Asks: 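For reference, the structure I am asking about is given below.
The shown structure was predicted, so the numbers you read here are calculated from the model rather than taken from an experiment.
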Amino acid sequence: MTEVSSLTGRLLVATPALTDPNFDRAVVLLLDHDEEGSLGVVLNRPTPVGVGDILEGWGELAGDPGVVFQGGPVSLDSALGVAVIPGDEGPLGWRRVHGAIGLVDLEAPPELLASALGSLRIFAGYAGWGPRQLESELSDGAWYVVESEPGDVSATDPEGLWRAVLRRQRSDLAMVATYPDDPSLN
């Protein structure tokens, strides 16, 4: 068995060719990627549901727009908290994933993390891939893999994140940001 090079902490950006409606123009932050599979959250799918409406105490800590994001099509009844915490040490109730980005234990008292949080997003559900499934999608050209930035987790314009992430690439990939929503109208 060949070793899987970890993509944890990187972004999967849906190519225009990806036809799955769950991932149309999606930007996925990979929280875990190894030989057992991959798990991530879609960063650009806000819902109309306020964080405080479903998780008492966390609403005041969630960054703008303060709503729950649909993290993916798997386990929509579960919640994941992703936070950016600057510095070398994170508080109890937070586990570093990559750089300053980590997972929040939503069972912990919110006040335990409040002073340390740089930003927080709550996701209902997640995107998941079985062993080698993501690698197959990558070889089929479904995703671009790019570096994440801590600000991606708390983008103030989540609906524009797909174009923004592509536009900042220093390659021909930046041109994909101009790809029309419906090429047939071009």
Side-chain angles (χ1 to χ4, degrees), residues 6-14 20-34 36-129 134 146-165 168:
S6 181
L7 300 176
T8 299
R10 299 187 75 193
L11 297 177
L12 298 178
V13 181
D20 182 338
N22 289 306
F23 297 109
D24 182 44
R25 301 227 171 176
V27 177
V28 177
L29 172 65
L30 282 175
L31 300 171
D32 192 24
H33 176 253
D34 59 26
E36 295 178 20
S38 305
L39 179 138
V41 289
V42 178
L43 297 177
N44 57 335
R45 297 278 194 275
T47 72
V49 179
V51 171
D53 295 340
I54 60 165
L55 290 172
E56 189 176 329
W58 291 101
E60 304 82 45
L61 301 177
D64 285 336
V67 297
V68 175
F69 282 65
Q70 183 175 340
V74 181
S75 294
L76 290 171
D77 58 344
S78 66
L80 286 171
V82 178
V84 174
I85 297 185
D88 295 331
E89 295 295 320
L92 287 175
W94 180 79
R95 179 179 62 83
R96 185 176 313 279
V97 171
H98 178 77
I101 300 168
L103 288 168
V104 172
D105 177 1
L106 296 173
E107 298 293 321
E111 56 274 4
L112 188 65
L113 293 123
S115 64
L117 288 178
S119 65
L120 170 69
R121 284 269 159 90
I122 304 296
F123 298 90
Y126 62 90
W129 293 265
L134 178 57
V146 301
E147 295 298 324
S148 65
E149 294 181 1
D152 295 333
V153 172
S154 58
T156 56
D157 177 21
E159 289 91 349
L161 189 61
W162 185 83
R163 289 188 194 280
V165 167
R168 75 179 183 226

Asks: Which distance, rounded to the nearest 0.5 Å, do you find between the CG of Leu11 and the CG of Leu161?
Replies: 7.5 Å
Asks: Applying ring-ring contact (aromatic ring centres under 6.0 Å, His included), name anything that partners Phe23, two or more places apart in sequence or on another chain.
Replies: Trp143
Asks: Where do Ala116 and Pro86 come nearest, in terms of heavy atoms and distance?
Replies: O-CD, 4.1 Å
Asks: Spell out, as yes or no, whether a donor-acceptor pair under 3.5 Å connects the side chain of Thr47 to the backbone of Gln70.
Replies: no
Asks: Do you know the tightest heavy-atom contact between Leu120 and Ala83?
Replies: CD1-CB, 4.1 Å
Asks: If I take atom CZ from residue Phe123 and atom CG from residue Leu106, how far apart are they, to the nearest 0.5 angstrom?
Replies: 11.0 Å
Asks: Kindly give the heavy-atom pair with the smallest separation between Ala26 and Val42, and that separation in Å.
Replies: CB-CG1, 4.0 Å
Asks: Would you confirm whether Ser6, through its side chain, and Asp34, through its main-chain N or O, come within 3.5 Å as a donor-acceptor pair?
Replies: no
Asks: Side chain to side chain contact (heavy atoms under 4.5 Å, CB included) between Leu117 and Ile85: does it pass, once the steps are laid out?
Replies: CA-CA 5 Å; Leu117 288 178; Ile85 297 185; 4.0 Å; yes
Asks: Keeping the roles fixed (side chain from Asn44, backbone from Val27), state whether a donor-acceptor pair exists under 3.5 Å.
Replies: yes
Asks: With no hydrogens and no angle check, is any side-chain donor or acceptor of Asp24 less than 3.5 Å from a backbone partner on Pro21?
Replies: no
Asks: Counting N and O atoms only, with roles assigned by atom type, does the side chain of Trp58 sit under 3.5 Å from a partner on the main chain of Val51, one being a donor and the other an acceptor?
Replies: no
Asks: Could you grab the distance from atom OG of Ser148 to atom CD1 of Ile101, nearest 0.5 Å is fine?
Replies: 4.0 Å
Asks: Kindly indicate, with the supporting measurements, whether the criterion side chain to side chain contact (heavy atoms under 4.5 Å, CB included) is fulfilled by Leu30 and Leu134.
Replies: CA-CA 11 Å; Leu30 282 175; Leu134 178 57; 4.0 Å; yes
Asks: Evaluate the side chain to side chain contact (heavy atoms under 4.5 Å, CB included) criterion for residues Glu149 and Arg168: first the C-alpha distance (whole Å), next the side-chain angles of each, then the deciding distance (0.1 Å), finally the verdict.
Replies: CA-CA 11 Å; Glu149 294 181 1; Arg168 75 179 183 226; 3.5 Å; yes
Asks: Which heavy atom of Ile122 sits nearest a heavy atom of Ala79, and at what distance?
Replies: CG2-CB, 4.3 Å
Asks: Does Arg121 reach the main-chain N or O of Val153 with its side chain, forming a donor-acceptor pair under 3.5 Å?
Replies: yes
Asks: CG/Leu7 to CG/Leu31 distance, rounded to the nearest 0.5 angstrom?
Replies: 12.5 Å
Asks: Heavy-atom distance under 4.5 Å between the side chains of Val28 and Val41, does that happen here?
Replies: no
Asks: Rounded to the nearest 0.5 Å, what's the gap from CG on Leu55 to CD on Glu107? Could you check?
Replies: 9.0 Å
Asks: So, do Arg25 and Arg163 sit near enough that their side-chain heavy atoms are less than 4.5 Å apart?
Replies: yes
Asks: Answer yes or no: is there a side-chain heavy-atom contact under 4.5 Å between Leu12 and Trp129?
Replies: yes
Asks: State, to 0.1 Å, how close Ser75 and Ser78 come at their nearest heavy-atom pair, and which atoms those are.
Replies: O-OG, 2.8 Å
Asks: I need the Leu113 CG to Asp105 CG distance, nearest 0.5 Å.
Replies: 8.0 Å
Asks: Could you tell me which non-hydrogen atom of Tyr126 sits nearest to which non-hydrogen atom of Gly40, and how far apart they are?
Replies: CB-O, 3.4 Å
Asks: Report the C-alpha separation of Leu103 and Val97 in whole Å, then their side-chain angles, then the decisive distance to 0.1 Å, and conclude whether the side chain to side chain contact (heavy atoms under 4.5 Å, CB included) test is met.
Replies: CA-CA 7 Å; Leu103 288 168; Val97 171; 3.9 Å; yes
Asks: Just wondering, do Val146 and Val165 contact through their side chains at under 4.5 Å, heavy atoms?
Replies: yes
